[in-house]
Peer 1: 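Please read through the structure below; I'll follow up with questions.
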Amino acid sequence: MLEVNQLRQDTDKAIKGLEKRGLSAAQQLVKDVIALDDERKQIQANLDEHLSELNQLAKEIGQLFKSGEKEKAELAKTEVSQLKTKTSVLEDQIRSVKIELENKLLDLPNVPQSIVPSGTTEDDNEVYRDWTDPLPTLDDNALPHWELAERYKIFDLKTGAKISGSGFPLFVGYGAKLQRALVNFFLDKASEGGYLEMQPPLLVNEDSARGTGQLPDKDGQMYFVERDNLYLIPTAEVPLTNVYRDVILKTDDLPVKICGYTPCFRREAGSYGAHVKGLNRVHQFDKVEIVRIERPENSDEALMDMLNHVSGLLEALELPYRILRLCGGDLGFTAAITYDFEVYSAAQKRWLEVSSVSNFETYQTNRLKLRFKDEDGKNKLAHSLNGSALALARIVASILENHQTGDGIKIPKQLIPYTGFEWIK
RNA sequence: GGUGAGAUGGGUGAGUGGCUUAAACCAUCAGUUUGCUAAACUGACGUACGGGUAACCGUACCGCGGGUUCGAAUCCCGCUCUCACCGCCA
C-alpha cells in the first residue's frame with residue numbers, strides 16, 4: 001500500500017510512475033486519494049475537539065456528584081447527550097471515509113522506480129545483462145524435458161493428474177532425488193550468503209496474505225481453505241515477510257536476511273497451451289526464497305547483491321541465462337522494480353523464467369507496519385525485498401534440457417555432492 | 001473435539017467504575033560520581049492520527065469487536081489467541 005504522505009510530497013513523480021504501468025487514470029486516482037485524506041483530516045480534527053469537550057464534561061460531572069450538586073450534574077448530562085449524537089455522526093463519517101480511502105489505496109499498485117522502462121508487454125522488458133557467449137545448440141534428436149522425463153522416469157504428469165489433477169507432477173526416482181539435492185544446494189548457498197534459514201507455515205491467514213499484497217490483487221491465484229479461512233502460500237515470501245508484520249526493528253537488527261524452502265501453490269487459472277507443457281507451469285512447485293529487510297538508503301545495493309547471489313547459483317548449475325529488467329506494464333502489483341532471470345532452453349528454443357528478484361520499497365512494509373528506529377529514535381518504514389533462489393520445477397526442466405547428451409543427463413559438477421550421482425541414465 | 005485458566009508498555013507484574021496522567025521492579029538510553037570496571041544516584045523511556053516552524057497541545061489505543069454508563073483496563077456480550085488437563089493422532 002502506498003503512503004499517502006509520499007503521494008502528497010511527490011505527486012507528479014507518483015502519477016508519472018503509475019502511468020508507466022499503463023494506468024491511464026493515475027492522475028485522477030491519486031487526486032482522489034489525497035482529497036479523501038484531506039476529508040479524513042478535517043473530520044478527525046472536528047471529532048477530536050468534540051471528544052475533548054466530552055472528556056472535560058465527564059470530569060466535571062464526577063466532581064458535581066461528589067460535592068452533591070445533583071441538579072447541576074443532571075443539567076450537564078443533557079449537554080453530554082447532545083454532544084454524543086454529534087460525535088457519533090462524526091464517527092460514522094470518519095469510518096466510512098477511512099474505508100473508502102483504504103480501498104482506493106489498495107487498488108493502487110506500487111510506483112515503479114525511475115529506471116524501470118516504460119512499456120505494456122513482456123516484449124518491452126529491457127535486457128539488463130545478456131548472455132554473451134553463443135547460445136548452446138543441441139543436436140537434432142534433443143528432447144524437451146517432458147520427453148526426457150518419460151525416457152528417464154524423472155516425473156510423471158499422468159499419475160500426478162490421477163492423484164490430484166493436471167499441474168501436479170509426481171517426481172520419481174532420479175527426479176525426486178534431483179529436487180531434494182537442489183533444495184539442499186540452494187539452502188546451503190543461501191546460508192553461505194548470510195541468510196538465516198526458516199521453515200515457515202505453508203498456510204497463512206488473511207492478514208498475512210494482505211500484508212504482502214497478495215490480497216486483494218491475487219485473490220483468484222491462491223488456493224483457499226474455506227473451512228479454516230486459510231490460504232495456501234503461492235510463495236514463501238508471504239510467511240517469511242510476515243514474520244516481521246507489526247514489528248519495530250532496532251537499528252542494529254538491520255539488515256534482516258532470511259531464507260526458506262517451501263512448496264508453492266498457484267491456481268494458475270486461465271493458463272493453457274504449449275507454454276504450460278511439462279514443468280513450465282504447474283500448480284505446485286518447490287522454491288527456495290530469499291527475503292531482506294533493509295534501510296531505505298541501502299535497498300538498491302541489497303537488490304544488486306541478490307542479483308549476484310542468483311547469478312552465482314545459475315553459474316554453478318552451468319546454465320545459460322540472462323537478466324531482464326521488467327517494464328512498467330509487466331511489473332508485479334507490489335514491486336517498485338523487478339529483475340527476472342531467464343534460462344535458455346535449446347530444446348524448447350525459448351527463455352524460461354526461473355527467478356524474479358524485486359524491491360518493494362515501502363509498499364509491503366506500510367501494510368505490514370514493519371518499521372525500524374533510526375538514529376534519531378524515529379520510526380521509519382523499512383524496505384522489503386525478495387527473490388527466488390531458485391524455483392525448482394523450472395530449474396529441473398532447464399537442467400534436463402541443457403545438460404542432456406546422447407548418453408544421458410549430466411549433473412553439474414557442483415551439484416554432484418548433493419545428488420550422489422553424476423548421470424541420469 | 002471437551003473442560004478450565006488467562007491475555008495490561010521492550011520484559012516481569014499491580015490495578016474490581018472517577019484519586020491512573022497505567023504503580024512498582026527489570027531492561028535500555030543520557031547525565032552525575034569514579035584511576036578503570038562495577039555500584040549508587042538523577043533524569044528520560046510506547047504507538048498512531050490531528051493541530052503547530054517549534055516547544056507543545058488534542059484524540060485514540062490495556063488481545064480484537066460490540067454494549068452499559070456522565071465516566072470503563074475495570075461491568076456485560078461475542079470472537080481470536082495462549083497455557084494446562086482430558087480425548088484423538090504422525
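Below, chains carry the letters A, B, ... as their sequence lines are ordered, and counting in each starts from 1. Because the structure is predicted, anything quoted here is derived from the model rather than measured.
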Peer 1: Between B:A44 and B:A22, how far apart are the two P atoms, rounded to whole Å?
Peer 2: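 Each nucleotide's P atom is 14 Å from the other's.
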Peer 1: Hey, is A:Asp37 close enough to A:Arg40 for a salt bridge, meaning N to O under 4.0 Å?
Peer 2: yes
Peer 1: On a whole-Å scale, what distance lies between the P atoms belonging to B:C83 and B:C41?
Peer 2: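 One P to the other, the span is 39 Å.
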Peer 1: Return the nearest nucleotide to the side chain of A:Ala45; candidates are B:U47, B:G50, B:C70.
Peer 2: B:G50
Peer 1: If the threshold is 4.0 Å, N to carboxylate O, is there a salt bridge linking A:Lys98 and A:Glu102?
Peer 2: no
Peer 1: Can you identify which nucleotide, out of B:U69, B:U47, B:A60, has its nearest atom closest to the A:Ile248 side chain?
Peer 2: B:U47
Peer 1: Between B:C64 and B:G11, how far is it from one P atom to the other, in whole Å?
Peer 2: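 To the nearest whole Å, 14 Å.
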Peer 1: Could you tell me which nucleotide pairs with B:A54 by Watson-Crick or G-U wobble geometry, both distances under 3.5 Å, or answer none if nothing does?
Peer 2: none
Peer 1: Tell me whether A:Glu150 at atom CD has more than 12 heavy atoms from other residues, nucleotides or ligands lying less than 6.0 Å away.
Peer 2: no
Peer 1: Taking the minimum atom-to-atom distance to the side chain of A:Lys41, which one of B:G51, B:U47, B:C49 wins?
Peer 2: B:G51
Peer 1: Scan every strand shown for a Watson-Crick or G-U wobble partner of B:G35, both distances under 3.5 Å, and answer none if you come up empty.
Peer 2: none
Peer 1: Can you tell me how far P in B:A38 sits from the matching atom in B:G31, rounded to whole Å?
Peer 2: 14 Å
Peer 1: Just to confirm, is there a sub-4.0 Å distance from OP1 or OP2 of B:C81 to any side-chain nitrogen or oxygen of A:Asn205?
Peer 2: no
Peer 1: Looking only at atom P, what distance separates B:G1 and B:G71, rounded to whole Å?
Peer 2: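 Rounded to whole Å, the distance is 40 Å.
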Peer 1: Please determine whether a side-chain nitrogen or oxygen atom of A:Ser52 lies at a distance below 4.0 Å from atom OP1 or OP2 of B:G58.
Peer 2: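 No, A:Ser52 has no side-chain N/O under 4.0 Å of OP1/OP2 on B:G58.
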Peer 1: Checking base pairs now: Watson-Crick or wobble, both atom distances under 3.5 Å. What partners B:U68?
Peer 2: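 With both distances under 3.5 Å required, B:U68 matches none.
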Peer 1: Picking from B:C49, B:C70, B:U47, which would you name as closest to the side chain of A:Arg40?
Peer 2: B:C49
Peer 1: Using 30° and 60° as the class limits, which term best fits the ring planes of A:His283 and A:Phe168: parallel, tilted or perpendicular?
Peer 2: tilted
Peer 1: Does a nitrogen or oxygen in the side chain of A:Lys380 sit under 4.0 Å from OP1 or OP2 of B:U47?
Peer 2: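 A:Lys380 to B:U47 OP1/OP2: no side-chain N or O under 4.0 Å.
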Peer 1: Scan every strand shown for a Watson-Crick or G-U wobble partner of B:A48, both distances under 3.5 Å, and answer none if you come up empty.
Peer 2: B:U59
Peer 1: Is any side-chain N or O of A:Lys373 closer than 4.0 Å to OP1 or OP2 of B:U47?
Peer 2: yes
Peer 1: Which value, in whole Å, describes the distance between the P atoms of nucleotides B:C62 and B:A7?
Peer 2: 14 Å
Peer 1: Charged N to carboxylate O under 4.0 angstrom, A:Asp92 versus A:Arg95?
Peer 2: yes
Peer 1: For a quick test of reading the model: is some side-chain N or O of A:Asn55 closer than 4.0 Å to OP1 or OP2 of B:G71?
Peer 2: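 Checking A:Asn55 against B:G71: no side-chain N or O falls below 4.0 Å of OP1 or OP2.
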Peer 1: Does A:Arg292 pair with A:Asp305 as a salt bridge, N-O distance under 4.0 Å?
Peer 2: yes
Peer 1: Looking at the side chain of A:Asp48, which of B:G71, B:G58, B:G51 is the nearest nucleotide?
Peer 2: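 In terms of side-chain proximity for A:Asp48, the closest of B:G71, B:G58, B:G51 is B:G58.
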Peer 1: Which whole-number value in Å describes the distance from A:Leu51 CG to B:C70 P?
Peer 2: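 The distance from CG of A:Leu51 to P of B:C70 comes to 17 Å, rounded to the nearest Å.
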Peer 1: B:C19 pairs with which nucleotide, Watson-Crick or G-U wobble, both distances below 3.5 Å?
Peer 2: none
Peer 1: Provide, to the nearest angstrom, the distance between the CZ atom belonging to A:Arg95 and the C1' atom belonging to B:A60.
Peer 2: 13 Å
Peer 1: Roughly how many Å apart are B:U69 and B:U16, using the P atom of each and rounding to a whole number?
Peer 2: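 That atom pair is separated by 23 Å.
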Peer 1: Which base, if any, makes a Watson-Crick or G-U wobble pair with B:A30, both distances under 3.5 Å?
Peer 2: B:U42
Peer 1: Does B:U47 have OP1 or OP2 sitting under 4.0 Å from an N or O in the side chain of A:Arg371?
Peer 2: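 Looking at the OP1 and OP2 atoms of B:U47, neither is under 4.0 Å from any side-chain N or O of A:Arg371.
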Peer 1: With P as the reference atom in both, quote the distance from B:C76 to B:A23 in angstrom, rounded to an integer.
Peer 2: 25 Å
